[in-house]
Amino acid sequence: AIELNNMPLPSPWRADFPAIAALQRQGQTYLDNAATTQKPQALIDALNHYYVNGAANVHRAQHLPGANATQAFESSRSKIAHWLNADESAQIVFTHGATSALNLLAYGLEHECVAGDEIVISALEHHANLLPWQQLAHRCDLKLIILPLDTNGLIDLVAAAVLIGPRTRLLAVSQLSNVLGAWQPLPALLSMAKSHGALTVVDGAQGVVHGRHDVQALGCDFYVFSSHKLYGPEGLGVLYGRNEALARLHHWQFGGEMVLTADYHTARFRPAPLGFEAGTPPIASVIGLGATLDYLASLDHMAVVAHEAALHQLLLDGLNRREGIRVLGAPQLALVSFVVEGVHNADLAHLLTEQGIAVRAGHHCAMPLLKSLGLPGAIRVSLALYNDSDDLERFFSALDQALELLR
Ligand code: PLP
């Protein structure tokens, strides 16, 4: 057994997530929460309630099931607006995930770009916040500028001050890296971009899970996240936009419910949010995310933050104490990525998997970052509020056994 500073860290919320016990019965310790999370009973109950009591399409039907579904759907939109401290629920657009929200932006803003303009991202971006901009740059002959990182894995502000300039049309950066686990210096970066009149996009896919929920204080034009990483259902993403920023978007997907009027040759489109939600949205998932946020709002937020911080410290200490382990960057919370000298991450991942430890190995959808670190991949352990010190104890014991075999 490892030393846990003699302090067990039980999670008071573990029993709210039935899958954790189910996974444990299957011999699995789930530590891949940055990829996706397990779901609270409150969400499962909400999905069950919706499907058992009558599904209906939203914003279309006059009948009672349709009115009920629309009411629940729009009430979720308000809860999400409240969760993010947006001005109003009309600023919340539903997409199919963070990835589709970022693609929406890259298409919706294409008309604003002129050949030679610059789009600025950073060296640590997930492919979801790299490839849509890279492809936009190819389509419109733009320059994609990559902000370098400092030794702690933070976007280098000195370099950013040089690279963000009058040709910057848009800045798109992650709030919390899915590989390095560090909050990025967004206030400074956003104000640099704004001082040059550029639009700002924050990829909150990881950040939104860990307690920073004020888009107005952040001051970005757009903020995106995926429901499934925030203990919510799959197939649903959120795009928040300031009113002025949303008004600049061109429509990019066309179909039902996003038009005001249509004839065979022309159409007029709705503004946000419905104008950007062509076709039937993931209704149950939207209602489910509302229920998930109700559940999360009922928790003692400071206790959650303290629990996650204590677990993270335990994880970091345990890794640092072991010889030959190199932690990537200077992770602050939620996750730690590491490599082991002389050991291929795939071999280690294989042995951990065999012992029922569910962690992520590989490039973490950030191939250019891993390449720039000279690594083929890394192991990532990522935490959620339902994890406890027993999970970490099982992880470290499996790690020690694996390393004994491999070294
Ligand atoms: N951005 C970051 C930082 C992520 O970690 C992820 C997913 O891992 C995404 C974007 C994309 O999210 P999704 O696959 O849910 O669209």
Side-chain angles (χ1 to χ4, degrees), residues 30-39 80 84 93-107 121-135 146-147 149 153-155 171-186 189 200-212 215 218 220 222-240 252-253 276 281-282 285-286 288-289 292 328-329 331-337 358-370 377-384:
Y30 191 77
L31 291 165
D32 192 15
N33 297 288
T36 199
T37 49
Q38 304 306 324
K39 312 307 171 195
I80 294 159
L84 294 176
V93 176
F94 293 126
T95 70
H96 295 287
T99 302
S100 78
L102 290 161
N103 276 281
L104 186 167
L105 292 176
Y107 281 98
I121 63 168
S122 86
L124 56 69
E125 300 308 321
H126 186 282
H127 293 163
N129 195 34
L130 157 64
L131 302 181
W133 308 119
Q134 176 198 85
Q135 295 303 308
I146 313 295
L147 301 177
L149 309 179
L154 299 179
I155 298 170
L171 169 78
V173 281
S174 170
Q175 186 179 26
L176 177 65
S177 162
N178 66 311
V179 179
L180 304 174
W183 293 113
Q184 295 304 316
L186 292 187
L189 288 167
T200 54
V201 177
V202 173
D203 173 359
Q206 298 295 337
V208 75
V209 189
H210 300 285
R212 298 193 172 187
V215 285
L218 201 52
C220 54
F222 297 105
Y223 185 92
V224 308
F225 73 90
S226 284
S227 153
H228 70 96
K229 292 186 198 283
L230 184 57
Y231 309 105
E234 296 158 11
L236 171 64
V238 168
L239 165 67
Y240 153 83
W252 82 302
Q253 286 191 330
F276 295 89
S285 291
V286 169
L289 179 58
T292 305
L328 307 191
Q332 296 163 344
L333 79 166
L335 60 90
V336 178
S337 298
V359 294
R360 180 87 183 269
H363 54 65
H364 310 295
C365 298
M367 270 188 209
L369 171 62
L370 271 291
I379 304 277
R380 181 184 69 191
V381 180
S382 53
L383 304 166

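Remember, it's 1-based here, ligands and their atoms both numbered in the order they're listed.
Under 4.0 angstrom from ligand 1, the non-hydrogen atoms of Ala205 all belong to its side chain. By the criterion of a heavy-atom distance under 4.0 Å, the side chain of His228, and not its backbone, is placed next to ligand 1.
For atom 8 (O) of ligand 1, the closest non-hydrogen atom of the protein is Lys229 NZ, 2.6 Å. Summary of contacts: the protein heavy atom closest to atom 14 (O) of ligand 1 is Thr99 OG1, 3.6 Å.
In terms of polar-atom proximity, defined here as any N/O pair under 3.5 Å, Ser226 does make such a contact with ligand 1. Looking at Asp203 next to ligand 1, an N or O pair under 3.5 Å apart turns up.
No hydrogens or angles considered: nothing links the side chains of Gln253 and Tyr107 as a donor-acceptor pair under 3.5 Å.
By the 4.5 Å heavy-atom criterion applied to side chains, Leu230 and Phe225 are counted as neighbours. For the pair Gln184/Val173, no side-chain contact is recorded, criterion being any heavy-atom separation below 4.5 Å from C-beta on.
Residue contact check for ligand 1: His364 places no non-hydrogen atom closer than 4.0 Å to it.
To the nearest 0.5 Å, atom CD of residue Gln206 and atom CG of residue Leu180 are 11.5 Å apart. Taken from CG in Leu176 to CG in Leu335, the straight-line distance is 6.0 Å, to the nearest 0.5 Å.
Residue-environment remark: CD (Gln134) exceeds the threshold of 12 foreign heavy atoms within 6.0 Å.
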